[in-house]
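Here is the structure we will look at, set down as structure tokens.
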Amino acid sequence: MENKIKEILLNNSIELFGNQVDEKLIQFQKTRKDVEGDLTLVIFPFVKVLRCSPADAGEKIGSFLADKLDFIASYNVVSGFLNFTISGEYWLSQLSSIDKNEEFGFAEKDSKPTVMVEYSSPNTNKPLHLGHLRNNFLGYSVAEILKANGHKVVKTQIVNDRGIHICKSMLAWERFSPVNENGERETPDNTGIKGDKLVGKYYVEFDKQYNIEAKEIIAKWERNNFDSFSDDVATEVKKLIASKEGKDEDAIKGIDAKIKDIAKNQTSLMNDAKEMLIKWEARDPETYLLWTTMNNWCYAGFDVTYKAMGVDFDKLYYESETFILGRDLVLEGLDKGIFFKKDDGSVWIDLTDEGLDEKLVLRSDGTAVYMTQDLGTAVDRYSDYPDLSGIIYTVGNEQDYHFKVLFLILEKLGYDWAKNCSHLSYGMVELPKGMGRMKSREGTVVDADDLMEDIVDSAKEMTQERGHIDGMSEDEKDKLYNLIGMGGLKYYLLKVDPKKKIVFNPNESIELNGNTGPFIQYTHARIKSLIAKAGELSMFGDVELKLEETEILKHLSQYPSLIADAGKNHSPALLANYTYELVKLYNHFYQSIYILNEENKDLRMMRLVLSRNVAKVINSAMNLLGINVPEKM
RNA sequence: GGGCCAGUAGCUCAGCUGGAUAGAGCACCUCCCUUCUAAGGAGGCGGUCAAAGGUUCGAAUCCUUUCUGGCUCACCA
């Protein structure tokens, strides 16, 4: 419709305006609620060209268009805005064509290039938490939205299964796990604890123990006792302690933090963990066995969580397998002069010309860092999927800088596809003021499993209170509670613009009224119940549309362009808001107009077909968010 | 200190390729179930769009500066 008008204006530009106008001058917007019309053209941009008042310009353009286009039933001009009223026949024909199209809004399947969407990417040393929920829901949804846009999509993750942090939980388990009467240390089997939770318990334990040890070391230093520490350490710490003299509180805090870091690195626990990492890289059999065992506990736990989340992956990558390729790439780049080596043997890239810093890509002992492994993973993926056009990394915005650098390095290494890679950067999920930050090590996280369980419980309570669940089997009821609870949680985390942070208050559990998942699900269930009662639907003859019906049709017509926008912007939030808007329009209609009870059969059928298509789009849009909708609730 | 992001109603958020009187939900106050699911609908209350300049016929939206908050600049990931 917009395109038709635009086309006519452009093609008749000379006749209308005296010379060719720029396409950008043609701006449409929604007609204000209190003004008559369905579509509005902004007249101001043409006023200069036409050299007349906005009112005259609007009149001129309006009459010209109304003459040429029969879907324009009438028009009016109000203070620089030309408002068109679109004919009922046009909207009814829209309804018919939407109704016929089962995949309404979707682009042709596999018509666009393959993209890879990376999301989740957990560390195998702790369970998933609320932040991971946002990540997983976002990544899954963006992948689905891209599919709807015609892309082939590969869902993937990089499992962070190696590194010093993994060794920490391994070491802590080996050292601090109690031994039972059978002489076994704690396992998921003999404790009944979920695997990832058990591993996470020892990650926290490591942190606790080594903080204790670090404190003891600092106390020693403060007594000026530097026995058993290297001269370098002693000199540095002495210098730091001396520098505290005469400084203000904040500065002293900063210096103390530095001293603490040094102390942590001097703990026997940390040294043992480092040693374990070296053993692991050397494939020491005992260390490897422990690593495999504890990782497998984690994976078993993750599987349960992923299943509850309703997300899936096409292909997994493991850091333990890609970091070597990364190291090779760095050494290759070193030969080419892209990287440089410092005296201590560490390898860096100089990005100061790009306004960034120097960045480490390989440690002095030759081991890989985060960046090394990410380089390897990216290249690995392109060799696995040669037709890949780009990778979308769903990772929190705290890593904005990392990805800027990653893409830049890939480009410098000569990979053209680097420019098609993007970072789907999302805001942190924060706890309300005073509740601190979520930190796994400190045990201040909102656990993913617990949260999902809680929300499903509260959905159960609400559904038993007011739902329509008579005649359902226990199994069906449980499915429904789950569907409502998870729908609420997903919608809550996806309706916010990805790049914005979310403040989550665990004490006020998630709202299920208002702009929420269940609100949308409820409307869907209500429509389904209507349709079920109506029996067979037939086509309708010529009818007159009410305002409420036109509003819905206008909104429905925009679904395809919304899917395109959501795809372009990698934003499920756009779809969530669109659906919310649609549901509000429908509820208003439902409340004020008879549907089943309408006596005129054509009208009844038209309203039922309209309802059926609203349900279809609700279902479709919610599915793109990873949310299911019920037939009854 | 450098870089990036955010600041809209008491709270949580839309709106941001410049367009008409800035919109929702929650909370608070009124109404509406002998019409199809009230997890709903209608209405009310509530705003110096962080602040100040600038560009423009027109600025929450663009530019500059300032303030506030977050993240980041690690031989952590």
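Below, chain A is the first sequence line, B the second, and so on; all start at residue 1.
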A:N76 vs A:V78, side-chain contact (heavy atoms from CB on, under 4.5 Å): CA-CA, chis, key distance, verdict
CA-CA 7 Å; A:N76 63 75; A:V78 185; 3.4 Å; yes
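- Listed nucleotides: B:rA42, B:rG70, B:rA77. Nearest to the side chain of A:N160: B:rA77.
- B:rC33 has its base syn relative to the sugar, with a glycosidic angle deviating from 0 by at most 90°.
- With a cut-off of 3.5 Å on both Watson-Crick or G-U wobble distances, the partner of B:rU56 is given as none.
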Please write out each protein N/O paired with an N/O of nucleotides 54-63 of chain B under 3.5 Å, distance rounded to 0.1 Å.
none

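- Counting non-hydrogen atoms under 4.0 angstrom, A:L41 reaches nothing in the nucleic acid.
- B:rC71: Watson-Crick or G-U partner is B:rG3, with both key distances under 3.5 Å.
- In this structure, A:T367 reaches neither bases nor backbone, as no heavy-atom distance under 4.0 Å exists between it and the strands shown.
- Here A:Q373 lies out of heavy-atom contact (under 4.0 Å) with every strand.
- A:Y401 comes within 4.0 angstrom of the backbone, heavy atoms only, and of no base.
- Using a 4.0 Å heavy-atom cutoff across all strands shown, A:K495 reaches no nucleic acid atom at all.
- Using a 4.0 Å heavy-atom cutoff across all strands shown, A:N83 reaches at least one base atom of the nucleic acid.
- In the set B:rU21, B:rG40, B:rA39, B:rA39 carries the atom at the smallest distance from any side-chain atom of A:M462.
- Among the heavy atoms of the strands lying under 4.0 Å from A:Y370 is at least one base atom, whether or not backbone atoms are also near.
- Residue A:I484 is in base contact, counting any heavy-atom pair closer than 4.0 Å across all strands shown.
- Within 4.0 Å of A:H165, counting heavy atoms only, lie sugar-phosphate atoms of the nucleic acid but no base atom.
- A salt bridge does not link A:E476 with A:K479: every distance from a Lys NZ or Arg NE/NH1/NH2 to an Asp or Glu carboxylate oxygen is 4.0 Å or more.
- Residue-level contact check: A:E631 touches the bases, meaning some heavy atom is under 4.0 Å from a base atom.
- As judged by a 4.0 angstrom heavy-atom cut-off over every strand, A:K24 is placed among residues making no nucleic acid contact.
- Note on A:N597: a base of the nucleic acid sits closer than 4.0 angstrom, heavy atoms only.
- Residue A:Y590 is in base contact, counting any heavy-atom pair closer than 4.0 Å across all strands shown.
- Between A:S529 and A:N587, the residue anchored nearer the 5' end of RNA chain B, judged by the nucleotide with its closest heavy atom, is A:S529.
- Shown here are the salt bridge (Lys or Arg N to Asp or Glu O under 4.0 Å) partners of A:D161, two or more places apart in sequence or in another chain: there are none.
- Separating the CD atom of A:E398 from the P atom of B:rU72 is a distance of 6 Å, rounded to the nearest angstrom.
- At a threshold of 4.0 angstrom between heavy atoms, the contacts of A:D365 with the nucleic acid are absent.
- Between A:K500 atom NZ and B:rC5 atom C1' there is a gap of 11 Å when expressed in whole angstrom units.
- For the pair A:N577 CG and B:rC13 C1', the interatomic distance rounds to 8 Å; values are reported in whole Å.
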